Every structure is written in structure tokens, then in C-alpha cells.
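In what follows, a structure is listed as C-alpha cells, so that the remarks can point back to it.
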Amino acid sequence: EVQLVESGGGLVQAGGSLRLSCAASRFTFGDYAIGWYRQAPGKEREGVSWISSSVGSTYYADSVKGRFTISRDNAKNTVYLQMNSLKPEDTAVYYCAAVLELLLESVLAGTYGMDHWGKGTLVTVSS
């Protein structure tokens with residue numbers, strides 16, 4: 001069974017930084033694209049960033065572009081989300097999710113969802 005475990009969440013002041021990690025196991029990591037999603041209290045879950053497995057192409061939601069950076073270390077089966085210049089509106093539970101590389105385009109187009117999910121890590125940004 002695919003396993004994704006997020007870590008690195010916590011409490012940070014506005015303007016600060018955090019780095020989230022997503023450790024993957026029990027599947028062929030190199031065959032999967034990874035995405036980060038978040039869900040704020042009372043709001044729907046939204047996509048934040050995605051990274052392909054092959055050439056490491058990256059994609060970002062407009063709300064985080066220029067502030068967040070996604071990266072992956074295939075040797076460690078880990079994906080990172082570096083979050084800088086954090087704002088109170090970034091407060092949410094952050095989830096990583098996996099989908100087969102060939103389906104990433106459909107995910108980005110909104111016609112397919114991610115297949116495997118972690119349990120999330122809470123990020124709280126104080127003003």
C-alpha cells in the first residue's frame with residue numbers, strides 16, 4: 001500500500017519560512033508525480049504545487065507562486081515544499097499526494113484527481 005507521510009508543519013510568524021517534507025514508501029517513487037494540497041478551516045481543499053517525476057517540471061497555484069518552491073529527491077523518496085514569506089492566509093493542513101506521472105497533465109487540467117494521500121501536517125501562520 002502506498003504510504004505518504006508529511007512532516008515539518010508548525011507555528012510560524014508572518015513573513016517566516018517553513019519546509020515541509022513528504023516521505024514516500026511502498027511504491028515506485030520515480031513513476032509518480034507528487035502534489036501538495038492544503039485545506040484551511042471552513043474551506044475546500046486546494047492544490048498548491050506539483051512536481052513531475054521525469055524532468056522535475058514544477059507547477060504552482062497563483063497564490064503561492066514566487067513564495068513556495070517544490071523539489072524532490074528521488075534517491076530519498078522525498079518531496080519538499082519550501083515556504084517563504086508566509087502569510088496568515090497560508091494557515092492550513094497541508095497534504096502531499098501522488099499520481100502516476102502520465103496522469104499529471106489530467107490532474108492539472110482538473111479532469112483527474114490524485115490517487116494517494118498522506119494524512120497532512122498543520123501549518124499555522126500568526127499575524
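None of these values were measured; they are calculated from a predicted model. One-based numbering along the sequence shown.
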Applying a strict under-4.5 Å side-chain criterion to I, L, V, M, F, W and Y, I'd like to know whether [X] and [Y] cluster together.
| X | Y | answer |
| --- | --- | --- |
| Leu122 | Met83 | yes |
| Tyr80 | Tyr59 | no |
| Leu102 | Val2 | yes |

Quick one: is the NZ or CZ of Arg38 closer than 6.0 Å to the six-membered ring centre of Tyr94, and within 45° of its axis? no
Tell me, with the steps shown, if Trp50 and Tyr37 meet side-chain hydrogen bond (donor to acceptor under 3.5 Å, both in side chains). CA-CA 9 Å; Trp50 301 262; Tyr37 291 72; 2.9 Å; yes
Any chance you could measure [X], atom [atom1], to [Y], atom [atom2], to the nearest 0.5 Å?
| X | Y | atom1 | atom2 | answer |
| --- | --- | --- | --- | --- |
| Tyr60 | Leu81 | OH | CG | 7.5 Å |
| Met114 | Leu103 | CE | CG | 9.5 Å |
| Ser63 | Glu89 | OG | CD | 9.0 Å |

Start with the C-alpha gap between Asn84 and Ser17, add the side-chain angles, then the distance that decides, and say whether side-chain hydrogen bond (donor to acceptor under 3.5 Å, both in side chains) holds. CA-CA 4 Å; Asn84 298 329; Ser17 298; 2.9 Å; yes
Side-chain heavy-atom pair [X], [Y] within 4.5 angstrom cut-off:
| X | Y | result |
| --- | --- | --- |
| Ser53 | Phe29 | no |
| Asp62 | Lys65 | yes |
| Tyr32 | Glu101 | no |
| Thr91 | Val123 | no |
| Leu104 | Tyr112 | no |
| Leu18 | Leu86 | yes |

Could you check whether any side-chain N or O of Thr58 sits under 3.5 Å from a backbone N or O of Ile70, counting only pairs where one atom can act as donor and the other as acceptor? no
Would you say CD of Glu46 has more than 12 non-hydrogen atoms from neighbouring residues, nucleotides or ligands within 6.0 angstrom? yes
Evaluate side chain to side chain contact (heavy atoms under 4.5 Å, CB included) for Leu4 paired with His116, printing each intermediate quantity in order. CA-CA 8 Å; Leu4 299 165; His116 308 285; 4.2 Å; yes
Decide side-chain hydrogen bond (donor to acceptor under 3.5 Å, both in side chains) for Ser25 and Gln3; before the verdict, give the C-alpha distance in whole Å, the side-chain angles of both, and the deciding distance to 0.1 Å. CA-CA 5 Å; Ser25 61; Gln3 188 170 35; 3.2 Å; yes
Would you call Asp90 and Lys87 a salt bridge, taking side-chain N to carboxylate O under 4.0 Å as the test? no
